[in-house]
Amino acid sequence: MSPTRRTAVAAGVFFLITEIAAIAGLMLYRPVLTDADYVLKAGADPRVLLGGVFELILVGAIVGTAVTLYPVVRRQHHAAALGYLCVRLLEAVVIVVGILSVLSVVTLRRDVAGTAGADDASLVTAARALVALHDWAFLLGPNVALGANSLLLAHLLYRSRLVPRSIAVLGLIGGPLICASATAVLFGLYQQVSTWGTLAALPVFAWEISLAGYLILRGFAPAAASGGDAPTDPVRAELSPV
């Protein structure tokens with residue numbers, strides 16, 4: 001297996017892991033998000049902590065996609081590829097902030113709730129503030145940042161033909177759509193985790209799944225991956241020696 005083929009397989013596997021870990025993590029720690037009095041109850045801490053583990057796996061896979069794909073797509077357009085790398089890493093950082101806020105609710109429930117002198121109303125307020133921080137991080141990370149980096153990567157893959165353009169089009173549609181959905185959530189048109197939010201996320205989900213499957217099964221288009229028919233980055237071309 002050639003190095004380029006290994007890179008394609010690794011990127012595809014990382015994309016699959018992001019989808020699995022994101023869904024599993026959200027389902028596992030959801031009780032913290034939906035139960036306003038979670039901090040005062042018996043809780044489901046093992047489940048929530050397992051959700052935190054899946055979120056960390058998600059972060060690792062996101063970084064994996066960024067680092068794995070960057071050397072390939074930078075041959076197509078260095079500035080756009082660097083933008084993809086930076087925004088993908090930003091998405092990972094924001095997700096870390098979100099899961100830290102969820103795990104902090106668990107700490108409050110374990111270490112403070114039920115102790116002598118604890119103010120239940122203040123604990124609930126603090127827990128709700130931490131959940132609100134998670135919700136904002138979830139909006140800015142797996143929505144806005146994801147939409148932006150999906151659009152950048154899809155643009156690079158579309159113009160370079162590293163993968164079929166039909167797959168890249170899903171990213172070109174899904175990226176702006178999930179950003180538009182995040183804007184709608186920001187202005188209170190509907191809830192983040194809702195039917196409309198799910199429908200808006202489907203094209204990005206289809207984009208990442210189809211991209212993952214193609215990279216694992218077929219890899220990059222050989223000529224495009226080698227840079228043979230790749231569009232030239234005008235900035236790099238201008239700086240290159242004659």
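Just so we're clear, the structure is a prediction, and the values are computed from it rather than from any experiment. All residue numbers in this chain count up from 1 along the given sequence.
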Check your understanding: Is a side-chain N or O of T68 found less than 3.5 angstrom from the main chain of T65, in a donor-acceptor match?
Key -> no

Study note, to complete from the structure: Between I209 and E19 the two heavy atoms that sit nearest each other are CD1-CG, 3.7 Å

**Study point:** Between CG on residue L146 and CD on residue E208, distance to nearest 0.5 Å
**Key:** 5.5 Å

Study note, to complete from the structure: The ring-ring contact (aromatic ring centres under 6.0 Å, His included) partners of H134 (sequence neighbours excluded) come to Y29, F138

Point to revise | Approximate separation, where rounding is to 0.5 Å, of I178 CD1 and W207 CH2 | key: 13.0 Å

Check your understanding: Any chain of hydrophobic side-chain contacts (each under 4.5 Å) joining I62 to L56?
Key -> no

Review point. For the side chain of R74 and the backbone of A81, is there at least one donor-acceptor N/O pair under 3.5 Å apart?
Key: no

Check your understanding: Roughly how far, to the nearest 0.5 Å, is the CG atom of L28 from the CG atom of L50?
Key -> 5.0 Å

Review point. Say you draw a straight line from CD1 of I167 to CG of L162; how long is it, rounded to the nearest 0.5 Å?
Key: 11.5 Å

Exercise for review: For Y84 and H77, test the side chains for any donor-to-acceptor distance below 3.5 angstrom and give the result as yes or no.
Suggested key: no

Practice item. Would you please say whether a donor-acceptor pair under 3.5 Å links the side chains of S181 and Y190? Key: yes

Practice item. Ignoring hydrogens and angles, tell me if any N or O in the side chain of S101 forms a donor-acceptor pair with the backbone of L130 under 3.5 Å. Key: yes

Review point. Do I99 and V59 share a hydrophobic cluster, counting only Ile, Leu, Val, Met, Phe, Trp and Tyr and linking them when any side-chain heavy atoms are less than 4.5 Å apart?
Key: no

Point to revise | Minimum heavy-atom distance between L26 and E55, given as atom pair plus value | key: N-OE2, 4.3 Å

**Study point:** Cluster overlap V97 with V106, hydrophobic side-chain contacts below 4.5 Å
**Key:** no

Check your understanding: Between Y158 and V163, does a side-chain contact (heavy atoms from CB on, under 4.5 Å) hold up when you go through it step by step?
Key -> CA-CA 7 Å; Y158 183 88; V163 300; over 6 Å; no

Review point. If we ignore angles and hydrogens, is there a donor and acceptor under 3.5 Å between the side chains of E91 and N149?
Key: yes

Check your understanding: Counting only N and O atoms by type, is there a donor-acceptor contact under 3.5 Å from the side chain of T18 to the main-chain atoms of F15?
Key -> yes

Review point. Which value, rounded to the nearest 0.5 Å, describes the distance between L100 atom CG and I95 atom CD1?
Key: 12.0 Å

**Study point:** Residue R6 excluded, over 12 heavy atoms near CZ under 6.0 Å
**Key:** yes

Point to revise | Intermediate values then yes/no, side-chain contact (heavy atoms from CB on, under 4.5 Å), T7 and F220 | key: CA-CA 9 Å; T7 297; F220 300 112; 4.3 Å; yes

**Study point:** D135 and V131: CA distance, side-chain angles, deciding distance, side-chain contact (heavy atoms from CB on, under 4.5 Å) verdict
**Key:** CA-CA 6 Å; D135 292 343; V131 170; 3.9 Å; yes

Practice item. Drop me the distance from T183's OG1 to L189's CG, to the nearest 0.5 angstrom. Key: 9.5 Å

Point to revise | Closest non-hydrogen atom pair, V204 against S150 | key: CG1-OG, 4.2 Å

Review point. If you take all heavy atoms of R128 and A36, which pair is closest and at what distance?
Key: NH2-CB, 3.3 Å

**Study point:** Under 3.5 Å: donor-acceptor pair, side chain of R88, backbone of A66
**Key:** no

**Study point:** Intermediate values then yes/no, side-chain contact (heavy atoms from CB on, under 4.5 Å), F205 and T198
**Key:** CA-CA 10 Å; F205 176 79; T198 300; over 6 Å; no

Check your understanding: Shared ILVMFWY cluster between M27 and I17, side chains joined below 4.5 angstrom?
Key -> yes

